[in-house]
Amino acid sequence: MVIRTRFAPSPTGFLHIGGARTALFSWAYAKKHGGKFILRIEDTDVERSTPAAVQAILDGMHWLGLDYDEGPFYQMQRIQTYKRVLQTMLDAGTAYYCYSSKEELETLREAQTLAGEKPRYNGKWRPETSKTLPPIPADIAPTVRFKNPQTGTVAWEDMVKGRIEIANAELDDLIIARADGTPTYNFCVVVDDFEMGITQVIRGDDHVNNTPRQINMLMAFGASIPQYAHLSMILGDDGQKLSKRHGAVSVMQYHEDGYLKEAVLNYLARLGWSHGDAEIFNMQQFCEWFDLDRITPSAAQFNTEKLNWLNAHYIKEANINTLAEDIAARLQVNTHADPGMPDLKSVLNLYRERANNLNQLAKDIAYFYQKPEANMTDVEKHITPEIMPAMHKLYQQLAHIEWTDEAIHREINAVVTEFGLKFPKIAMPLRVMLTGIAQSPSIDQVMAMLGQNETLARINTYLK
RNA sequence: GUCCCCAUCGUCUAGAGGCCUAGGACACCUCCCUUUCACGGAGGCGACCGGGGUUCGAAUCCCCGUGGGGACGCCA
């Protein structure tokens, strides 16, 4: 059997980290089994769906490289299909018109909640053989409800949570078409999953409670039941639930915040899923290893520190051309303003080992392309009167040497020896003069890369 | 309230009844490397929610608590 999975977001906001993980797992499952991954946009909530949100979702998936084989399908373009199925169900008696108004249902819910009962439809318009329905009100446009079985249980073997069983007595007759005739979520999902031949429904576990109803509907039209895998949710860094108000950000925000997609993908894959002790793996490896039954059934807390660690790893591993392109875009300065400026790739090779964030990396190397603003604490601490004679001497010597890190190193050593100083006594002030701060890679390498003219000019500023 | 789900270091996890004195990773601490900061290397700290069963033996199976989460829309 050909495996077909889908990702079915509703375009009411950006693609957040939880959605991205759901998409990633669906995608990986299809890839692993040589199946198809389908993207379906669930936009039946016309009020809240926006084209901008659709684009945001597409952008997020594109950035992560989660390519789909079919779609995007838009549910609003499939209304005729839903209406056709709706009519079939009405004809077959597996669905019926309900004339209870919104207000009436609201009152019912309130009363039930007050009485400590589970709020649910009371079955007023549900046709039964021995029952007389109330007279149809003329002023109310009816909704359509699914006639859910009232006895027995629905059970399925969830691929991540194991067997789940729910009594039909717990379920009421859900509305599958609104008064205006548009179909609702639970109905569209079922029709689509069926017609699109979805074999594994992989989604967030907030849908566990929808599953029994969906299975009942599938059975009502004689469809085969797909396998279900309900992924537990992702909690924020603080252990709190992610929501629009709290901590939920677009995956694209991670791009803006200096993360490589490889790091985000690896992190997300490892969050709530494991393959022995494997921590670092690319997507090809992930797709080979991936299996739904290796997913943890409990919620997982997001940990930025670990993401940072992975980011550092992938910055080290990154293709230098790709990395340079990325950093050039983040750098607020022009790396080619002057032909004498250091080569960005060389600079990155000097710095990438120590970075765990692309924005930070860009910031750290900016001094190669523009005069740094000196940190005054570092200036006062390291550029002291006692080292000035040695610095003057070094400045003079540096003007005449061949500009290689070996030669530079030799010169610094010579001056250090001549003035009876320790190497850092000179290296530290040089760092401050050249980079603005007291931390940098090997100072001779920094100087070699900065170039003779620029190095001398920056030192000279402090010799007055 | 009702129903459903979940529960191993601070965090992500390994663990399929004896391989567990509970393993790995991030973070943290110490040391090493060193020209500062990082990187890297070597160590260290650190957990089976509680109580009952079942069993020769339980982190693992069962039950009951407790705690957390989810659902209960003419939202998805």
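Every chain is numbered from 1 and lettered A, B, ... according to where its sequence line falls, protein lines coming before strand lines. Please read these numbers as outputs of a predicted model, since none were measured by experiment.
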*Hey, does A:N216 have a side-chain heavy atom less than 4.5 Å from the side chain of A:F146?*
yes
*Can you name the residues that form a ring-ring contact (aromatic ring centres under 6.0 Å, His included) with A:H313, not counting sequence neighbours?*
none
*So which nucleotide from B:G70, B:A16, B:C74 ends up closest to the side chain of A:K102?*
B:C74
Pull out every protein N or O sitting under 3.5 Å from an N or O of nucleotides 18-21 of chain B, one pair per line with the distance.
none

*A:A427 side chain: which of B:U35, B:A71, B:U36 is closest?*
B:U35
*Who pairs with A:R78 by salt bridge (Lys or Arg N to Asp or Glu O under 4.0 Å), at least two apart in sequence or on another chain?*
A:D192, A:E195
*Check each residue of residues 149-161 of chain A for a non-hydrogen atom within less than 4.0 Å of any atom in RNA chain B, then write out the ones that pass by number, or none.*
A:K161
_If we ignore hydrogens and angles and just use 3.5 Å, is the side chain of A:K32 paired with the main-chain N or O of A:C287 as donor and acceptor?_
no
*Base, sugar-phosphate alone, or nothing: which one does A:D237 contact when heavy atoms must sit under 4.0 Å apart?*
nothing
*Do the side chain of A:N168 and the main chain of A:T151 share a donor and acceptor less than 3.5 angstrom apart?*
yes
*Any donor and acceptor pair, going by atom type alone, linking the side chain of A:Y367 with main-chain N or O of A:I437 inside 3.5 Å?*
no
*A:Y267: ring-ring contact (aromatic ring centres under 6.0 Å, His included) partners, not counting sequence neighbours*: A:F302
*Where the side chain of A:R431 is defined as all heavy atoms beyond and including C-beta, which of B:C4, B:U35, B:G15 is the nearest nucleotide?*
B:U35
_Nearest to side-chain heavy atoms of A:K306, which nucleotide of B:G24, B:C74, B:G1_ = B:G24
*Sequence neighbours excluded, which residues qualify as ring-ring contact (aromatic ring centres under 6.0 Å, His included) partners of A:H392?*
none
*List for me each residue that meets side-chain contact (heavy atoms from CB on, under 4.5 Å) alongside A:D277, sequence neighbours excluded, and say none if there are none.*
none
What N/O pairs connect the protein and nucleotides 39-47 of chain B at under 3.5 Å? Give each pair on its own line.
unit_1 : atom_1 : unit_2 : atom_2 : d
B:C39  : O3'    : A:K316 : NZ     : 3.3
B:C39  : O2'    : A:E353 : OE1    : 3.1

_Whole-angstrom distance between B:G53 and B:G69, as gauged at atom P_ = 31 Å
_Regarding A:G272, tell me which of base, sugar-phosphate or nothing describes its non-hydrogen contacts under 4.0 Å with the strands shown._
sugar-phosphate
*Counting only side-chain N and O atoms of A:T113, is one of them less than 4.0 Å from OP1 or OP2 of B:G1?*
no
*So, are A:K393 and A:E418 salt-bridged, with charged N and O less than 4.0 Å apart?*
yes
*Among residues 261-271 of chain A, which residues get a heavy atom nearer than 4.0 Å to RNA chain B?*
A:R270, A:L271
*C1' atoms of B:C49 and B:G68, separation to the nearest Å*: 11 Å
*NA contact type, A:T44, heavy-atom cut-off 4.0 Å: base, sugar-phosphate, or nothing?*
sugar-phosphate
*Can you figure out which of B:U13, B:G69, B:A27 approaches the side chain of A:A300 most closely?*
B:U13
_Does the plane of the ring in A:W273 sit parallel, tilted or perpendicular to the ring in A:F290? Use 30° and 60° as the thresholds._
tilted
*Between B:A76, B:G1, B:G69, spot the one nearest the side chain of A:T184, thanks.*
B:A76
*Is there a donor-acceptor pair under 3.5 Å between the side chain of A:D444 and the backbone N or O of A:E406?*
no
*Within the 6.0 Å centroid threshold, strictly below: A:H207 and A:Y185*: yes
*Would you classify A:P297 as touching base, sugar-phosphate or nothing, given that sugar-phosphate means primed atoms plus P, OP1 and OP2, and contacts are heavy atoms under 4.0 Å?*
sugar-phosphate
*Under 4.0 angstrom, heavy atoms only, what part of the nucleic acid is A:T304 near: base, sugar-phosphate, or nothing?*
nothing
_Mind checking if A:A438 touches a base, just sugar-phosphate, or nothing, with heavy atoms under 4.0 Å?_
base
*Check ion pair A:R431-A:D378 (N to O, under 4.0 angstrom)*: no
*asked:* Counting the atoms with a prime plus P, OP1 and OP2 as sugar-phosphate, which does A:S101 contact under 4.0 Å by heavy atoms, base, sugar-phosphate, or nothing?
replied: base
_Between B:C3 and B:C61 - P atom distance, rounded Å_ = 24 Å
*asked:* When both hydrogen-bonding distances must be under 3.5 Å and the geometry is Watson-Crick or G-U wobble, what is B:A25 paired with, if anything?
replied: B:U11
*asked:* Under 4.0 Å, heavy atoms only, any strand: does A:H409 hit a base, just the sugar-phosphate, or nothing?
replied: base
_Per A:V208 side chain, nearest of listed nucleotides B:A25, B:C4, B:G1_ = B:C4
*asked:* Taking ring-ring contact (aromatic ring centres under 6.0 Å, His included) as the definition, give me every residue that meets it alongside A:H409, ordered by chain and number, with sequence neighbours left out.
replied: A:F423
_Sugar-phosphate only, base, or nothing, as touched by A:N210 at under 4.0 Å among non-hydrogen atoms_ = base
*Salt-bridge criterion met for A:R294 and A:D291 (N-O under 4.0 Å)*: no
*Which nucleotide in the list B:C3, B:U35, B:A76 gets nearest to the side chain of A:N209?*
B:C3
*Value in whole Å for how far the C1' atom of B:U36 lies from CD1 of A:I426*: 14 Å
*Base, sugar-phosphate, or nothing: which does A:R48 touch, judged by heavy atoms less than 4.0 Å apart?*
base
*N/O (side chain, A:R120) to phosphate O (OP1/OP2, B:U2) under 4.0 Å*: no
*Of the options A:R213, A:R126, A:R145, which is the one that meets A:D173 in a side chain to side chain donor-acceptor pair (under 3.5 Å)?*
A:R126
*Identify which nucleotide among B:G23, B:U35, B:A76 has an atom closest to any side-chain atom of A:D277, counting heavy atoms from C-beta outward.*
B:G23
*Identify whether the distance between the nearest side-chain nitrogen and carboxylate oxygen of A:E104 and A:K102 falls below 4.0 Å.*
no
*Name the pairing partner of B:G65, where a pair is Watson-Crick or G-U wobble with both distances under 3.5 Å, or state none.*
B:C49
*Charged N to carboxylate O under 4.0 angstrom, A:R270 versus A:E279?*
yes
_Selected nucleotide, minimal atom distance to A:E42 side chain, candidates B:G73, B:A76, B:G70_ = B:A76
*What is the nucleic acid contact for A:P9, judged by heavy atoms within less than 4.0 Å: base, sugar-phosphate only, or nothing?*
nothing
*Please collect all side chain to side chain donor-acceptor pair (under 3.5 Å) contacts where either partner lies in residues 110-122 of chain A, sequence neighbours excluded, each pair once.*
A:K118-A:E170
_Under 4.0 Å, heavy atoms only, any strand: does A:H207 hit a base, just the sugar-phosphate, or nothing?_
base
*Using a cut-off of less than 4.0 Å, is there contact between a side-chain N or O of A:S274 and OP1 or OP2 of B:A14?*
yes
*Neighbours of RNA chain B within residues 16-28 of chain A, by heavy-atom distance under 4.0 Å*: none
*Sugar-phosphate, base or nothing in reach of A:S440, heavy atoms under 4.0 Å*: base
_Same-atom distance (C1') from B:G67 to B:G50, integer angstrom_ = 10 Å
*Can you tell me, in whole Å, how much space there is between the C1' of B:G57 and that of B:C19?*
14 Å
*Look through every strand shown and name the nucleotide pairing with B:A71 as Watson-Crick or G-U wobble, where both distances are under 3.5 Å.*
B:U2
